[in-house]
Amino acid sequence: MEHTESDTQMQEENMEDLFAARRAKLNFWRERGIDPFGGKFEITHRSSDIIRKVESMSREELDEHKIYVKIAGRLMSRRGHGKAAFGHILDSDGMIQIYARIDTLGEDHYQEFKALDIGDIIGVEGFVFKSNHGEVTVHVEHLTLLAKSLLPLPEKWHGLRDVETRYRRRYVDLIMNTDVRETFIMRSRIIQSMRRHLEAQGFLEVETPTLHSIAGGAAARPFRTHHNALDMPLVMRIALELHLKRLIVGGLERVYEIGRVYRNEGVSTRHNPEFTMMELYAAYMDFQDMMKLTEELIEQIALDVRGTTEISYGERQISLRTPWRRVHMVDLIAELTGVNFFTVQTTEEARKLAISHGVAITDTMEFGHIVNEFFEQKVEDTIVDPTFIYGHPVEISPLAKKNAEDPRFTDRFELFIAGREYANAFSELNDPIDQRERFEAQLRERELGNDEAHEMDEDFIMALEYGMPPTGGLGIGVDRLVMLLTNQPSIRDVLLFPLMRSVE
RNA sequence: GAGCCAUUAGCUCAGUCGGUAGAGCACCUGACUUUUAAUCAGGGUGUCGCUGGUUCGAGUCCAGCAUGGCUCACCA
């Protein structure tokens, strides 16, 4: 929509009305020869450095041995007292109090201090003391305006609560809400910890393409895009799997990638169209090894970032202490429903059991799909403590090796905690002939209307035909792991910029 | 995609039975040299999400739409 000239003018006048004071202050600074959007400022300390340093010192000690500091941050509050004033500035480590007075700064510079607005970014040079209330404070001897703030911050007491604004203007959320800042710092630490532990086990971090010509490695609808110069349709990747396995073929025996995948599906408290997966592949290992690796990895990350394996998630108390329960999908279904699918031989029989147990199924579902429906509808929600569910049916596992004893099932597991899936792993299918048959079965599902079934990937089969060692593979949903370890109920609270509808 | 809920000042929120829009913080003016949700005196800054409808009169009632949240569906 185009604004008419008078519309624009009116809006500007409104803005002038509301924020005239802040804009007027740009001139105040410029008249003094000060650029209100200044340059580099060398700090000597961060707020937490100072507080840590002087914590144990008495007021007298501090007065005798003055510590001079240069810090920078955003002015968050101010309490004027005529010829003196207190305020707080916020830097990346937190808040620290500052104190300015006219007899230290001089008339001119004190006027400058008084001209500051909350939200302005300033540099401060001075010495550290403790106030009458014992709060560590920087006595300002020199003040530098580093960046003028033209928009007012939310209220100091209630902060920013509006969920929509918090997501759309995450920067304001990060300024105002300490816990939000901490959650995202924690997210970074979780990923750092993950990298450290994988590196320690000899895994090589790699980067594979996000633009694919075939969406493979998972069952999901992709985002479609187009390359202009090559006039070629492309999709955004839905998984990391198939390229990482090509690298195993290539002899990189332990690889992992932490990367964004894109799935064209709805949003919810647990789903964002783009999210972060960690996938790793290790030659000569199998899905049992992956269980051990998974539980040790997550336990170690919890210890690194939380210092304990005992965590609360919402109302629930969860122990991440290893070893975790391992149970066959069929056995757990039997435990909870009395139906033992090991003894069920035909799809017909399975279908009757579904109907008699109130499990919703569709006409095109085969034996394995029905077993999976039993699991999802009757079992999944009941799992609280970490549990490896293994032995998924072959129909829903087109990239996993069949179980040697019962080829209706695969050497695959998923990790469930508090009713949610956190990891998916298997002994990777490395038989190219079997792989081709699995893809063909997927194509038949596609014809029956499952638009999330796998496509044939000839290039991937060719890679297997060169020979892929027996390999264990694992995928972990990083966002969900962060939710668990930071006790956040919504995936949007662990994504800095969750997908939102655009505003006109 | 469906159901429920929300949308009022920069922010956090009140707003009765349908009768000319309110508070706190922030902001502006003034006082105040160790305050900390500083205090004291004065000042209300608004497209009540949008569009229609009912009505003498709508922030309030009705319909549609928009955005967001929650639940469900979808997501093996």
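So that the names make sense, note that chain A is the first sequence line, chain B the second, and so on, each numbered from 1.
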Rounded to whole angstroms, how far apart are CE on A:Met76 and C1' on B:A37?
13 Å

Sticking with atom C1', work out how far B:G59 lies from B:G43, rounded to a whole angstrom.
25 Å

Under 3.5 Å, side chain of A:Arg351 to main-chain N/O of A:Met365, donor-acceptor pair present?
yes

Expressed as a whole number of Å, how far does the C1' atom of B:A21 sit from that of B:G46?
8 Å

Just to be sure I understand the rule, does A:Lys114 reach a base, reach only the sugar-phosphate, or reach nothing, if contact means heavy atoms closer than 4.0 Å?
nothing

Is any side-chain heavy atom of A:Arg52 closer than 4.5 Å to a side-chain heavy atom of A:Arg46?
no

5′-ward residue of the pair A:Arg270/A:Glu373 relative to RNA chain B:
A:Arg270

Please check if any side-chain donor atom of A:Tyr313 sits under 3.5 Å from a side-chain acceptor atom of A:Arg420, or the reverse.
yes

Would you call A:Phe223 and A:Pro273 a side-chain contact if the rule is heavy atoms closer than 4.5 Å?
yes

Under 4.0 Å: is that the gap between some side-chain N or O of A:Lys156 and OP1 or OP2 of B:C11?
no

Determine the interplanar angle of the A:His212 and A:His243 rings, folded into 0 to 90°, and report it as parallel if under 30°, tilted if 30 to 60°, perpendicular if over 60°.
tilted

Assign the ring pair A:His454 / A:Phe439 to parallel, tilted or perpendicular, where the plane angle (0 to 90°) is split at 30° and 60°.
tilted

Pick base, sugar-phosphate or nothing for A:Ile118, based on heavy-atom distances below 4.0 Å to the nucleic acid.
sugar-phosphate

Atom C1', compared across B:U8 and B:C48: separation rounded to whole Å:
4 Å

salt_bridge(A:Arg187, A:Asp479) N-O dist < 4.0 Å
yes

Pairs touching residues 146-162 of chain A that satisfy side-chain hydrogen bond (donor to acceptor under 3.5 Å, both in side chains), sequence neighbours left out
A:Arg22-A:Ser149, A:Asp117-A:Lys148, A:Asp120-A:Lys148, A:Glu155-A:His158, A:Asp162-A:Thr165

Do A:Arg260 and A:Tyr262 get their side chains close enough for a donor-acceptor pair, meaning under 3.5 Å?
no

Heavy-atom neighbours of A:Arg169 CZ exceed 12 at 6.0 Å:
no

Nucleic acid contacts - residues 78-97 of chain A versus RNA chain B, non-hydrogen atoms under 4.0 Å
A:Arg79, A:Gly80, A:His81, A:Gly82, A:Lys83, A:Ala84, A:Phe86, A:His88, A:Gln97

Does A:Arg325 pair with A:Glu335 as a salt bridge, N-O distance under 4.0 Å?
yes

Distance check, C1' atoms only: B:C27 and B:U12, in whole angstrom units.
16 Å

How does RNA chain B look in dot-bracket notation if pairs are Watson-Crick or G-U with both distances under 3.5 Å, crossing ones as [ ], other-strand ones as |?
(((((((..((((.....[..))))((((((.......))))).)...(((((..]....))))))))))))....

Residue whose closest nucleotide on RNA chain B lies nearer the 5' end, A:Gly217 versus A:Trp157:
A:Trp157

Just checking A:Arg224: does its CZ atom have more than 12 heavy atoms from other residues, nucleotides or ligands closer to it than 6.0 angstrom?
no

Restricting to nitrogen or oxygen on both sides, can you table the protein-nucleotides 12-15 of chain B pairs closer than 3.5 Å?
| unit_1 | atom_1 | unit_2 | atom_2 | d |
| --- | --- | --- | --- | --- |
| B:U12 | OP1 | A:Arg161 | N | 3.1 |
| B:U12 | OP1 | A:Asp162 | N | 2.8 |

Measuring only between side-chain heavy atoms, which start at C-beta, is A:Thr387 closer than 4.5 Å to A:Val327?
yes

If you measure from the P atom in B:A23 to the same atom in B:C62, how many Å do you get, rounded?
28 Å

B:U35 and B:A31: how far apart are their C1' atoms, nearest whole angstrom?
16 Å

Using the P atom as the point on both nucleotides, what is the distance between B:U20 and B:U60, in whole Å?
14 Å

Is there a donor in the side chain of A:Arg412 and an acceptor in the side chain of A:Asn424, or the other way round, less than 3.5 Å apart?
yes

Which whole number of Å gives the distance between the C1' atom of B:U67 and that of B:C61?
23 Å

Any residue in residues 64-75 of chain A with a heavy atom nearer than 4.0 angstrom to RNA chain B? Just list them by number, or reply none.
none

Among the candidates B:U33, B:C74, B:G10, find the nucleotide nearest to the side-chain atoms of A:Arg221.
B:C74

So which protein N/O to nucleotides 67-70 of chain B N/O distances come out below 3.5 Å?
| unit_1 | atom_1 | unit_2 | atom_2 | d |
| --- | --- | --- | --- | --- |
| B:U67 | O3' | A:Arg168 | NH2 | 3.1 |
| B:U67 | O2' | A:Glu164 | OE1 | 3.1 |
| B:U67 | O2' | A:Glu164 | OE2 | 2.3 |
| B:G68 | OP1 | A:Arg501 | N | 2.9 |
| B:G68 | OP2 | A:Arg501 | NE | 3.1 |
| B:G68 | O4' | A:Glu164 | OE1 | 3.0 |
| B:G69 | OP1 | A:Arg492 | NE | 3.3 |
| B:G69 | OP1 | A:Arg492 | NH1 | 3.4 |
| B:C70 | OP2 | A:Arg492 | NH1 | 2.9 |

Is there a side-chain contact between A:Glu112 and A:Phe28, using heavy atoms and a 4.5 Å cut-off?
yes

Give a yes-or-no answer on whether the side chains of A:Glu428 and A:Thr471 include a donor-acceptor pair shorter than 3.5 Å.
no

Salt bridge check, A:Asp286 against A:Lys401: does any charged N sit closer than 4.0 Å to a carboxylate O?
no

Check every strand shown and say whether A:Glu452 touches a base, only sugar-phosphate, or nothing at a heavy-atom separation below 4.0 Å.
sugar-phosphate

